[in-house]
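Each ligand, and each atom within it, is numbered from 1 in the order the structure gives. Quick caveat: nothing in here was measured; it's all calculated off a predicted structure.
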Amino acid sequence: MRKKIVAGNWKMNTDYAEGIALFSEIVNIVRDEKKGDQIAIICAPYIHLNSVAKLGGETVKIGAQNCHQNESGAYTGEISAKMIKSVGCEYVIIGHSERRQYFAENDALLAEKTKIALANQLTPIFCIGETLDERNNGNFFEILKNQLVNGLFVLSAEDFSKTVIAYEPVWAIGTGLTATAEQAQEVHAFIRAEVATQYNAAVAEETSILYGGSCNPKNAAELFAQKDIDGGLIGGASLKSRDFADIVKTFNA
Ligand code: PGA
């Protein structure tokens with residue numbers, strides 16, 4: 001059975017006090033209402049990680065939003081996978097479209113980040129997605145395939161099976177424009193088929209593929225009901241405790 005996951009991505013929001021307060025609210029609501037074996041994760045800003053990891057327990061797991069590609073060294077201002085792991089994080093987002101766009105992270109770099117995350121026993125949540133132009137040009141399957149091939153398929157089957165994929169159409173992130181359930185399912189099925197071709201059907205069947213992009217309590221149920229959608233990567237709605245918990249609860253239904 002592949003894992004059902006709802007991961008919140010707070011991005012660069014909340015100062016320390018706000019983050020701890022919001023996280024505590026989320027843990028309290030999710031603890032009361034989570035009934036199934038779905039996994040709830042919050043990917044918080046770095047400076048919150050040490051504290052929220054202690055508050056989350058088994059109820060809400062913790063992730064970082066990025067890591068550096070090297071183990072350690074003279075990289076002023078950077079945070080390593082080992083540091084992230086050392087405060088109790090289990091997950092790390094790699095290759096979010098905002099990292100690709102604003103920090104010029106390319107597939108080769110992201111492959112390095114994925115490897116170092118795995119070497120430090122972190123589960124990478126590896127993001128792929130097409131822009132609006134790419135969707136309109138009709139070549140988005142090729143774009144997505146390249147992101148997979150160059151960023152993830154460099155891994156052995158054993159390592160790949162420890163990763164989670166998030167499909168986040170760039171045109172749907174923070175815009176209020178959600179991919180329809182059919183559009184999302186079409187891409188998720190494509191990703192799973194590519195995984196089966198690269199590795200094998202059993203690995204593909206076990207890969208959790210999350211949808212991200214304006215996912216909210218209203219549209220989550222329809223998205224998560226799709227055969228190849230195993231949960232969500234939630235931006236804006238993860239900054240509201242009730243909305244995030246309601247999205248987690250969707251899996252109870
Ligand atoms: P959004 O962000 O839910 O605010 O669209 C999703 C993401 O960027 O992970």
Side-chain angles (χ1 to χ4, degrees), residues 4-14 18-19 22-23 26 30 38-46 48-49 60-67 89 91-105 110 113-114 117 122-132 134-135 140 143-144 147 151-152 163-181 183-184 187-188 191 208-224 226 229-251:
K4 303 282 182 192
I5 298 171
V6 176
N9 173 13
W10 284 1
K11 309 189 181 185
M12 196 173 73
N13 291 297
T14 70
E18 290 163 349
L22 174 61
F23 187 83
I26 287 177
V30 171
Q38 68 276 35
I39 298 171
I41 304 167
I42 290 291
C43 298
Y46 287 133
H48 302 2
L49 294 179
V60 180
K61 308 275 189 180
I62 308 302
Q65 300 169 16
N66 177 36
C67 68
C89 275
Y91 296 84
V92 58
I93 297 172
I94 307 270
H96 190 279
S97 63
E98 288 149 17
R99 301 291 320 170
R100 293 176 187 261
Q101 185 181 350
Y102 304 131
F103 302 93
E105 296 194 357
L110 297 173
K113 292 190 177 206
T114 303
L122 290 168
T123 299
I125 301 174
F126 190 90
C127 302
I128 64 171
E130 82 283 3
T131 63
L132 191 56
E134 288 161 351
R135 177 155 281 260
F140 60 99
I143 304 280
L144 295 167
Q147 292 174 350
L152 266 187
T163 68
V164 170
I165 297 176
Y167 167 57
E168 299 205 304
V170 179
W171 48 273
I173 296 178
T175 58
L177 285 176
T178 323
T180 63
Q183 283 173 323
V187 174
H188 282 235
I191 294 168
S208 294
I209 309 175
L210 315 184
Y211 169 79
S214 298
C215 188
N216 60 46
K218 289 201 175 71
N219 59 28
E222 195 189 356
L223 286 161
F224 298 171
Q226 303 303 309
I229 301 183
D230 307 306
L233 183 53
I234 319 296
S238 72
L239 291 164
K240 295 186 192 126
S241 53
R242 187 69 258 174
D243 283 4
F244 182 73
D246 281 346
I247 296 172
V248 174
K249 244 173 71 177
T250 301
F251 279 134

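In this view, K61 and E58, E90 satisfy the salt bridge (charged side-chain N to carboxylate O under 4.0 Å, His left out) rule, not counting sequence neighbours. Listed by chain and number, the residues in a side-chain contact (heavy atoms from CB on, under 4.5 Å) with F103 are R99, E105 (sequence neighbours excluded).
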Report, one line per pair, each donor and acceptor closer than 3.5 Å where one atom sits in a side chain of residues 123-131; sequence neighbours left out.
| unit_1 | atom_1 | unit_2 | atom_2 | d |
| --- | --- | --- | --- | --- |
| E130 | OE1 | Y167 | OH | 2.9 |
| E130 | OE2 | R135 | NE | 2.7 |
| E130 | OE2 | R135 | NH2 | 3.3 |
| E130 | OE2 | Y167 | OH | 3.0 |
| E130 | OE2 | W171 | NE1 | 2.9 |
| T131 | OG1 | E134 | N | 3.2 |
| T131 | OG1 | E134 | OE1 | 3.3 |

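Under the 3.5 Å distance criterion, the side-chain polar atoms of W10 are left unmatched by any main-chain donor or acceptor of P45.
Side-chain N/O atoms of H96 and E168 include a donor and acceptor closer than 3.5 Å.
By the neighbour-count criterion of 12 heavy atoms within 6.0 Å, atom CD of Q226 is densely surrounded, having more than that number from other residues, nucleotides or ligands.
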Give one line per pair: atom of ligand 1, protein atom, distance. Only N/O to N/O under 3.5 Å.
| unit_1 | atom_1 | unit_2 | atom_2 | d |
| --- | --- | --- | --- | --- |
| ligand 1 | 2 (O) | K11 | NZ | 3.4 |
| ligand 1 | 3 (O) | S214 | N | 3.4 |
| ligand 1 | 3 (O) | G235 | N | 2.9 |
| ligand 1 | 4 (O) | G236 | N | 2.8 |
| ligand 1 | 5 (O) | G174 | N | 2.6 |
| ligand 1 | 5 (O) | S214 | N | 2.7 |
| ligand 1 | 8 (O) | K11 | NZ | 2.7 |
| ligand 1 | 8 (O) | H96 | NE2 | 2.6 |
| ligand 1 | 9 (O) | H96 | NE2 | 3.3 |
| ligand 1 | 9 (O) | E168 | OE1 | 3.3 |
| ligand 1 | 9 (O) | E168 | OE2 | 2.7 |

